[in-house]
Amino acid sequence: MRNVASYGSIAKVDDASAPFSASSPAASRWSGRRVRPSDALYRNAVLTVACVLTFGLYFCYDTPGALVTDITADLHLTSFRYNLLVSLYSWPNTVMVFVGGLLIDRYGNRKSAVALTLLVLVGQLIMTAAVTLRWYWLLLVGRFVFGIGGESLNVCQSTIVSRWFAGHELAMAFGFSLTVSRIGSILSFNTLPYVHGVVGLSGAFAVGALICTLSIAAASVFVCLDRYAEQCRARESPPSAQAWRYRVDSVEEEEEEEATGSMAMELEDGIRETTTASGDAGPSTATSEPPERPQRGSARTPPPRSPLQLGLSFWLCSLIGMLAYSTVFSFIAVGGDFFHWRYGASREYSGFLVSLVYDISMFMAPLLGRSFDQVGLRGIFLLTSCALSTLSFRTLGTHNAHGNPALFPRIPLLSMLTLGLAFSGVSSSLWPSMTLVVPAASLGTALGVAQALQNFGTSTASIFVGRTVDDFGYDYVMKVFAGVSAVAAVLAVWWNLDDWVHHGGRVNRVLPPEPADEAELRRQLIAAGLAVDYVPLYVPVYVLISPQAIDTVRRAYYRRLGEGEMGMRRRDLYARLGIAHPDVQRKAAEAGVRLPRPESLQRPTGISAAMTTTPRGSATPPAAPIVSASPARSPGMVVPSATRLSTPMASASPTPSPGSGRSIEGQPQPPPLPRRPPSSSLLHRSWKESPVDRSNRSS
Ligand SMILES: C[C@H](NC(=O)[C@@H](N)CCCCN)C(=O)O
């Protein structure tokens, strides 16, 4: 997968470790226990404030559109001047939002959220002052500032959502954020004309500024919630545990490792964890923002990737978004005019048809998001949505002899319904998919690039429409839009194939349940002494010296010697008794090495010494201890088979008593047998008593 340090996971880590048991957050608050970041209430609060972050932005973004006739009349704007004002949101963002993404990766979501909501407010206040003073140039300045803050705020919101809700809630959380944004747009279109009638243009812009303060309040609450989550995590997780990061299952391991310099282990029962000495990059990450930037304390902290390193999958996804969004956004900008011109629709009905795109998206976004979380298929849905978009524009642009749409005669409503569905599908599947194809540390950068491309596409499409409509008419524009959507669909096919072939179909997979459960399981294992809470650097070492690894090597070696299970057991018995195996004695004799006397062979170190002095180096390996593959279970705890891999030998075996020593690998020995003088009769009896052993011996 790709690694997103899910706040969900972090929250559950808190959940697992915190000494709370009450399930109702409200009840627990009254009973004295603190609310934990993993509580549903807490997470819903985070989602709410994350959604409200862009509410003011979307309300104000659509203010010129909602007041187009009033603005142009009151400020005496030509069509060109009006369009310049509108497009000044997008043009700077073909570059600036990319810079914003980099800064978000660098400074983190909390600082960014506050700074960007403030910037949006400042932009809106400048515009309010401009319409009051009737200074057009100031209006342009205000829109410019507003746009710079606004698009980066979109990116910031996406990174917050993806980090708190990574996993099986991701798309739904994105869906809710889209819904709130759409409500902002719809509210703007439906209330501002009335507000303007009551308080005038300045008042209408001031209402927008007022709503922007809501977003600032949301950003402030987010800072508190996020910081509290970080504190919980820091308090309840030991530093080494903080280095654990749980992966969203959809980013390939190799990408993860490449991106974070980490090592991923796949445990036997499919638990996938990533340990990392890194995390999101940033200068202030050492201790300040664990949820965003988990502790690393390592020089291996990778910087966010440069856009060129983000991979084909990301670029395809961004291009699809650019094409799909640019057609819809620029259509929305001229839709009212189009319906009036083509169908003679009234201003109200045209407005209704255009707003259907947002209306449908508002309702569909969380529903689609939930479906994506449950069935996956984001990539397939993005492809279907692009195809549906093609169909919608094609039907709007193809007309019969009477000038009515050929496929849906006199019912542009149907085309708009399908376009609304298509737009919902694109917006609901694109952004969650985006978070699955790039490493967490580069998410801000990636979303910045994607938004920059989208702004470039939208600005270009708007200019294209402006220049084309007069000469070739709307039908031509609709056909071009259908063609652009078809290209997006083709890219979506490519994107799906690439993802399927190279990444195992991650964008279409159902994300696993929150890895929090795994975190809890690990915590229980550690508490029970059945797993180690090791630091990332030790992981490769641990894999190499794990009981399984040693046992595998031992078995492979013995098999080469032609020995079966019983032969191996016999060697174990020798080892327990601290006696050199006859093979060892023979090889020692061949090599001219004097074995220590039997008394000293009681100590495995004696064996080790004897073994290591074997000149050929390939002499019989030490008799490795029998490793228990079934550690004891603590009451009420489910221990998966994975336990074996994560169970240190030290905890699987009692502490070696003096004299039991360690094998050559430094592993603790199983409990020693009662110390008695080595006796060949004892060994003899052991063999003789087992018929299997007997046959083994004779063979
Ligand atoms: C999330 C996405 N928004 C964007 O991509 C913004 N760049 C566009 C803002 C335009 C607001 N009407 C979306 O709205 O689906």
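Atoms within a ligand are numbered from 1 in the order they appear, just like the ligands themselves. Heavy-atom basis, side chains included; hydrogens, waters and symmetry copies ignored. Every value quoted in this text rests on a predicted model; they were computed, and no experiment measured them.
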Student: Any nitrogen or oxygen of Tyr61 lying under 3.5 Å from a nitrogen or oxygen in ligand 1? Just yes or no.
Tutor: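 Among all N and O atoms of Tyr61, none is under 3.5 Å from an N or O of ligand 1.
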Student: Assess the side chains of Asn508 and Asn496: does a donor N or O sit below 3.5 Å from an acceptor N or O?
Tutor: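 Yes, a side-chain donor-acceptor pair sits under 3.5 Å.
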Student: As an exercise, identify every atom of ligand 1 less than 4.0 angstrom from a heavy atom of Leu178.
Tutor: 1 (C), 13 (C), 15 (O)
Student: Are any of the N/O atoms in Tyr325 less than 3.5 Å from those in ligand 1?
Tutor: yes
Student: Specify the protein heavy atom at minimum distance from atom 14 (O) of ligand 1: its residue, its atom name, and the distance to 0.1 Å.
Tutor: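 Here the closest protein heavy atom is Arg182 NH1, 2.9 Å.
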Student: Tell me, please: is Tyr358 in heavy-atom contact with ligand 1, that is, under 4.0 Å?
Tutor: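 Distance cut 4.0 Å: Tyr358 passes for ligand 1.
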Student: Can an N or O of Ser185 be found at a distance shorter than 3.5 Å from an N or O of ligand 1?
Tutor: no
Student: Please could you name the atoms of ligand 1 that Ser427 approaches to less than 4.0 Å, counting only its heavy atoms?
Tutor: 15 (O)
Student: Using the ring centroid of each side chain, check whether Phe393 and Phe331 are separated by less than 6.0 Å.
Tutor: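 Close enough - the centres of the two rings lie under 6.0 Å apart.
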Student: Taking the six-membered ring of Phe481, is the NZ or CZ of Arg394 close enough (under 6.0 Å from the centre) and on axis enough (within 45°)?
Tutor: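 No cation-pi geometry.
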Student: Can you list the atoms of ligand 1 that are under 4.0 Å from a heavy atom of Gln451?
Tutor: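 Selected atoms, number and element: 4 (C), 5 (O), 6 (C), 7 (N).
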Student: Under 30°, 30 to 60°, or over 60°: which ring-plane class applies to Phe338 and Tyr474, parallel, tilted or perpendicular?
Tutor: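 Geometry flag for Tyr474 against Phe338: perpendicular rings.
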Student: So Tyr358 and Phe189, would you call those rings parallel, tilted or perpendicular, with 30° and 60° as cut-offs?
Tutor: tilted
Student: Tell me the protein heavy atom at minimum distance from atom 8 (C) of ligand 1, and give that distance in Å.
Tutor: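 It is Phe329 CE1, 3.6 Å.
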Student: Could you tell me if Arg182 and Ser361 have a donor-acceptor pair between their side chains, going purely by distance under 3.5 Å?
Tutor: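 Arg182 and Ser361 do have a side-chain donor-acceptor pair below 3.5 Å.
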Student: Suppose I only count heavy atoms of Gln454 and a 4.0 Å limit; which atoms of ligand 1 are within that range?
Tutor: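 Taking each heavy atom of Gln454 in turn, ligand 1 has 4 (C), 5 (O), 6 (C), 7 (N), 8 (C) under 4.0 Å.
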Student: Does Phe456, at its CZ atom, have more than 12 non-hydrogen atoms belonging to other residues, nucleotides or ligands within less than 6.0 Å?
Tutor: no
Student: Could you tell me, atom by atom, which parts of ligand 1 come under 4.0 Å of a heavy atom of Trp431?
Tutor: 1 (C), 2 (C), 5 (O)
Student: For ligand 1, find out whether one of its N or O atoms is nearer than 3.5 Å to an N or O atom of Tyr58.
Tutor: yes
Student: Between Trp431 and Thr435, is there a side-chain heavy-atom distance shorter than 4.5 Å?
Tutor: no
